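Some notes on the structure that comes next.
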Amino acid sequence: MNAITGSQVRKIVVACDAGMGSSVLVASQLSSALKAFSVTVDHTPVNGIPADADIVLCQRGLVARVRSVVPEKVVLGFQLFLGDPVFDQVTRAIKDGERLVG
């Protein structure tokens, strides 16, 4: 597991497996929620995760695969594309400088 303090986060990537529709939705919502904190939120296929990503969000079923692609990153899995608690956890950590482990 890797860790990062919310105040250190500059880029979040929402990684997907096949299509990009759902990841675009998640990225857009997070981008709006984090606009005041200068955090970039992008979406990308698992095999295209950029080196400058601080946190990678993905469906829970993809967590092991994502960790094998970017073992040095904080990887957090979600189950629901809308309203999943992990999105609130990330937003709160960035706003309050809390530690994220994943």
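Start at 1 with the first residue, then count along the sequence. Just so it is clear, the model here is predicted, and its values are computed rather than measured.
Hydrophobic clustering, with ILVMFWY side chains joined whenever heavy atoms are under 4.5 angstrom apart, groups Ile94 together with Phe78. Residues Leu34 and Ile55 fall within the same hydrophobic cluster, defined by Ile, Leu, Val, Met, Phe, Trp and Tyr side chains chained together at heavy-atom separations under 4.5 Å. Residues Val46 and Phe81 do not share a hydrophobic cluster, clusters being chains of Ile/Leu/Val/Met/Phe/Trp/Tyr side chains in contact below 4.5 Å. With hydrophobic clusters built from ILVMFWY side chains whose heavy atoms lie under 4.5 angstrom apart, Val66 does not share a cluster with Leu76. The hydrophobic clustering, which links ILVMFWY residues whose side-chain heavy atoms are closer than 4.5 Å, places Val69 and Val63 together.
Thr5 meets the side-chain contact (heavy atoms from CB on, under 4.5 Å) test with Ser7, Gln8; sequence neighbours excluded.
Here CD of Gln89 is found 9.5 Å from CG of Asp84. Values are rounded to the nearest 0.5 Å. Here Leu100 contributes atom CG and Asn2 contributes atom CG; the two are 12.0 Å apart, rounded to the nearest 0.5 Å. To the nearest 0.5 Å, atom CG of residue Asp54 and atom CD1 of residue Ile4 are 4.0 Å apart. Note that CD of Gln59 and CD of Gln79 are 9.5 Å apart. Values are rounded to the nearest 0.5 Å. Rounded to the nearest 0.5 Å, atoms OG1 (Thr40) and CD1 (Ile12) are 9.0 Å apart. One distance of note links CG of Leu30 with CZ of Phe87; it measures 6.0 Å at 0.5 Å rounding.
As a member of the Ile/Leu/Val/Met/Phe/Trp/Tyr network built from side-chain separations under 4.5 Å, Val101 groups with Met1.
Within the 4.5 Å cutoff, no side-chain heavy atoms of Lys73 are placed close to those of Val13. Under the 4.5 Å side-chain criterion, counting only non-hydrogen atoms from C-beta, Val26 is not in contact with His43. Contact of the Asn47 side chain with the Arg65 side chain is registered, since non-hydrogen atoms from C-beta on lie closer than 4.5 Å. You'll find the side chain of Val14 reaches within 4.5 Å of the side chain of Val41, heavy atoms only. At a threshold of 4.5 Å between non-hydrogen side-chain atoms, the residues Lys95 and Phe37 count as touching.
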Requested in this report: Given side-chain contact (heavy atoms from CB on, under 4.5 Å), test Val74 with Val56 step by step and report yes or no.
Outcome: CA-CA 6 Å; Val74 172; Val56 181; over 6 Å; no
Query raised in the report: Going through the distances and angles, do Arg10 and Asp52 end up as a salt bridge (Lys or Arg N to Asp or Glu O under 4.0 Å)?
Result: CA-CA 9 Å; Arg10 294 291 163 248; Asp52 63 345; over 6 Å; no
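The two residues Leu62 and Ala15 have their closest heavy-atom pair at CD1-O, 4.3 Å. Of all non-hydrogen atoms in Cys58 and Val75, the two that sit nearest each other are SG-CG1, 4.1 Å. In terms of heavy atoms, Pro50 sits closest to Lys11 at CG-NZ, 3.9 Å.
Annotation for Arg99: atom CZ does not count as buried by contact number, only 12 or fewer foreign heavy atoms lying within 6.0 Å.
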